[in-house]
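Basis for what follows: all heavy atoms, side chains included, without hydrogens, waters or symmetry-related copies. Treat the numbers as computed from the prediction; the structure is a model and nothing was measured.
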Amino acid sequence: MTVVDLNQQRIDAWNSDNLPIYEPGLDEVVKACRGKNLFFSTDCEAAIRAAQCIFVSVNTPTKKTGLGKGKAADLTYWESAARNIAAWSTSDKIIVEKSTVPVRTAEAIEKVLLRNCPAPGVHFDILSNPEFLAEGTAIDDLTTPDRVLIGGKIENDRGTAACAALVDVYANWVPRERILTANLWSAELSKLTANAMLAQRISSINAISALCECTGADVSQVSFAIGKDSRIGPKFLNASVGFGGSCFQKDILNLAYICECHGLQEVADYWYSVVGMNDYQKTRFVRRVVSAMFNTIRNKKIAMLGFAFKKDTGDTRETPAIDVAAGMIEDGAKIALYDPQVPEEQVRMDMGEEAMKSITCYKNPTDALKDAHAVTIMTEWDEFKTYDWKEIYEVMHKPAFVFDGRNILDHAHLSEIGFIVYALGKPIDPFLKSAEGA
Ligand code: UGA
């Protein structure tokens, strides 16, 4: 397996002791295989020539300009990878779509490959093999996946043979009954649909969290109760300040855009509303903070614990913390930020220079929390649960507020200590009652 990238710095990092991404278990895998059957290189041409099978795993971000901007997937990197593959291939290849792509991308890619390959008689078989692993649990998801999905042109012999070749690769460690085959378009669409459905569950429970706060119901109890219905199941029902990550929003917008392109406006609107609810949840959280703190957070030090979009990753793409921080800064807050994995440069890139005038990044939680008026929990890092909250209370301004955007702390214990606690979808603290309806 040779991993190629045009970016020398990135490949150097993969060949070093400090891998360019943090993922539990990844270091061990890379260190065990690197130099034996796993290589990292910038020599794309040689790797393409030598390969029988090429996994294309390039970025497919949301388009920033032009037709479909803000919604459609930008396939620039995919197309240029396909052009390189076509230019350098001198033997038959199986091309595997690993990147998340719009349905029917394989058709477009096939046209690019066929019309740009100068070598005579070279044949390309395109397969869709969407990636379902999640960050933070990537290695487990890879070694014991719920399912592996392989889409190909199963209506003809070549396509069936290409699918079988990839099935054989996965069958080395995945039980055969978990390896599904499908037609190309179903596999491509399944990826977008899976992410849209997962995100939709979060938006649904987040919508209910708002109603819980108005009615005295507890969203955790509601999640638990409905999750016991085997048709609903317990996963992905944790109310939060909002879903983040590089995929959910991008994939839903892309799915909705494809629906629009097919004239299915009602279907598109349905999926847009999942993103709309996510935005509402972030705004609602900021409103709660401001209204609880007597309608002003100007010049108040607010400790923000966590910036990553979920625990066990340093990834901040589309993290709800960006919007919450921006919202609080708009109201004049001074943010004291601590995240165990996210470096200051990353926060700077995400928030911009202007916002950074109101953000101080700390390397330890103690300094971030000292003299703070409030704490906002943005990421569900386990270490936040282990802090001595009594000690923290002592060094904060009073009344000391905790706004738990992930519902991970022991709220009864915090209230006992003296904190005013706001937790998403939980019965409202009597102190906050007057600010209710925020
Ligand atoms: C997601 C999917 O879960 C993967 O199956 C998919 O392969 C991946 O996108 C992708 O397309 O690459 P990921 O974004 O890494 O994986 O992380 P998730 O665990 O899905 O979490 C996404 C967001 O939802 C996080 O901000 C998380 O905190 C939030 N979330 C998750 C909730 O707010 N509540 C929940 O109950 C679960």
Side-chain angles (χ1 to χ4, degrees), residues 1-8 10-11 39-69 71-131 149-156 158-163 165-166 169 181-192 246-247 250-251 254-255 257-258 261:
M1 173 72 91
T2 304
V3 179
V4 291
D5 196 301
L6 297 169
N7 183 330
Q8 184 71 51
R10 188 159 275 259
I11 290 297
F39 305 91
F40 296 92
S41 162
T42 48
D43 191 348
C44 300
E45 182 170 348
I48 286 171
R49 274 189 210 287
Q52 292 169 292
C53 182
I54 300 173
F55 289 75
V56 182
S57 318
V58 293
N59 258 359
T60 51
T62 304
K63 271 183 92 170
K64 288 208 174 83
T65 52
L67 201 63
K69 88 170 171 191
K71 304 175 195 170
D74 180 349
L75 296 178
T76 310
Y77 303 118
W78 227 118
E79 188 180 328
S80 85
R83 286 180 187 276
N84 284 340
I85 292 170
W88 294 327
S89 291
T90 48
S91 58
D92 292 355
K93 315 273 177 213
I94 294 175
I95 309 297
V96 184
E97 284 179 350
K98 253 297 162 206
S99 310
T100 301
V101 290
V103 56
R104 294 199 85 90
T105 296
E107 194 175 36
I109 295 306
E110 190 168 36
K111 286 179 188 154
V112 173
L113 289 167
L114 287 178
R115 284 174 178 69
N116 288 284
C117 183
V122 172
H123 194 94
F124 297 102
D125 288 295
I126 304 181
L127 300 178
S128 162
N129 174 215
E131 185 51 71
L149 177 59
I150 299 172
K153 291 192 175 166
I154 46 178
E155 57 285 359
N156 66 47
R158 274 203 76 102
T160 309
C163 275
L166 191 54
V169 173
T181 50
N183 81 29
L184 258 175
W185 323 127
S186 309
E188 287 180 339
L189 186 55
S190 296
K191 169 66 195 188
L192 292 181
S246 64
C247 303
K250 164 178 85 85
D251 291 352
N254 183 213
L255 181 67
Y257 180 69
I258 294 169
C261 292

Within the 3.5 Å criterion, strictly below it, is a donor on Asp43 or Ser41 matched to an acceptor on the partner's side chain? no
Under a 3.5 Å distance rule, please check whether Thr105 uses its side chain to pair with a backbone N or O of Pro102 as donor and acceptor. yes
Just by modelled atom types, is the Asp74 backbone N or O under 3.5 Å from a matching donor or acceptor in the Thr60 side chain? no
Please round to the nearest 0.5 Å and tell me the distance separating atom OG of Ser80 and atom CG of Leu75. 11.0 Å
Heavy-atom side-chain contact between Leu67 and Tyr257 under 4.5 Å: yes
Rounding to 0.5 Å, atoms CG (Asn254) and SG (Cys247) come to a distance of 11.5 Å
Main chain of Arg49, side chain of Thr90: is a donor-acceptor contact present, judged purely on distance under 3.5 Å? no
For Ala182 and Ala187, which heavy atoms make the closest approach, and how far apart are they? CB-N, 4.5 Å
Donor-acceptor contact below 3.5 Å, side chain Gln8 vs main chain Thr42: no
Is the number of heavy atoms from other residues, nucleotides or ligands within 6.0 Å of OH (Tyr77) greater than 12? no
On a heavy-atom basis, which atom in Arg158 and which in Asp125 lie closest, and how many Å separate them? NH2-OD2, 2.9 Å
Ignoring hydrogens, what is the shortest heavy-atom contact between Val103 and Trp185? Give both atom names and the distance. CG2-O, 3.6 Å
Side chain proximity check, Ile85 to Ile95, heavy atoms < 4.5 angstrom: yes
Closest heavy-atom pair and its distance - Ala81, Val56: CB-CG1, 4.1 Å
Shortest non-hydrogen contact between Leu127 and Ile150, atoms and distance: CD1-CG2, 4.3 Å
Looking at Val58, is its backbone amide N or carbonyl O close enough to the side chain of Ser99 to form a donor-acceptor pair, meaning the two atoms are under 3.5 Å apart? yes
Between Glu107 and Lys111, does any side-chain N to carboxylate O distance fall below 4.0 Å? no
Are there more than 12 heavy atoms of other residues, nucleotides or ligands under 6.0 Å from atom CD of Gln52? no
Between Ser91 and Lys93, does any side-chain donor sit less than 3.5 Å from a side-chain acceptor? yes
Is the count of non-hydrogen atoms from other residues, nucleotides or ligands lying under 6.0 Å from Leu114 atom CG greater than 12? yes
Any salt bridge between Glu110 and Lys153, counting N to O under 4.0 Å? yes
To the nearest 0.5 Å, tell me how far Ser89 OG sits from Glu45 CD. 10.0 Å
CZ/Phe40 to OG1/Thr2 distance, rounded to the nearest 0.5 angstrom? 9.5 Å
Counting only N and O atoms by type, is there a donor-acceptor contact under 3.5 Å from the side chain of Lys98 to the main-chain atoms of Asn129? yes
State the CD1-CD1 distance between Ile126 and Ile54, to the nearest 0.5 angstrom. 11.0 Å
For Glu188, does its backbone N or O pair with a side-chain atom of Glu97 as donor and acceptor, under 3.5 Å? no
Between Pro130 and Lys191 the two heavy atoms that sit nearest each other are CB-CB, 3.5 Å
Value for CG (Leu184) from CG (Leu189), rounded to nearest 0.5 Å, stands at 12.5 Å
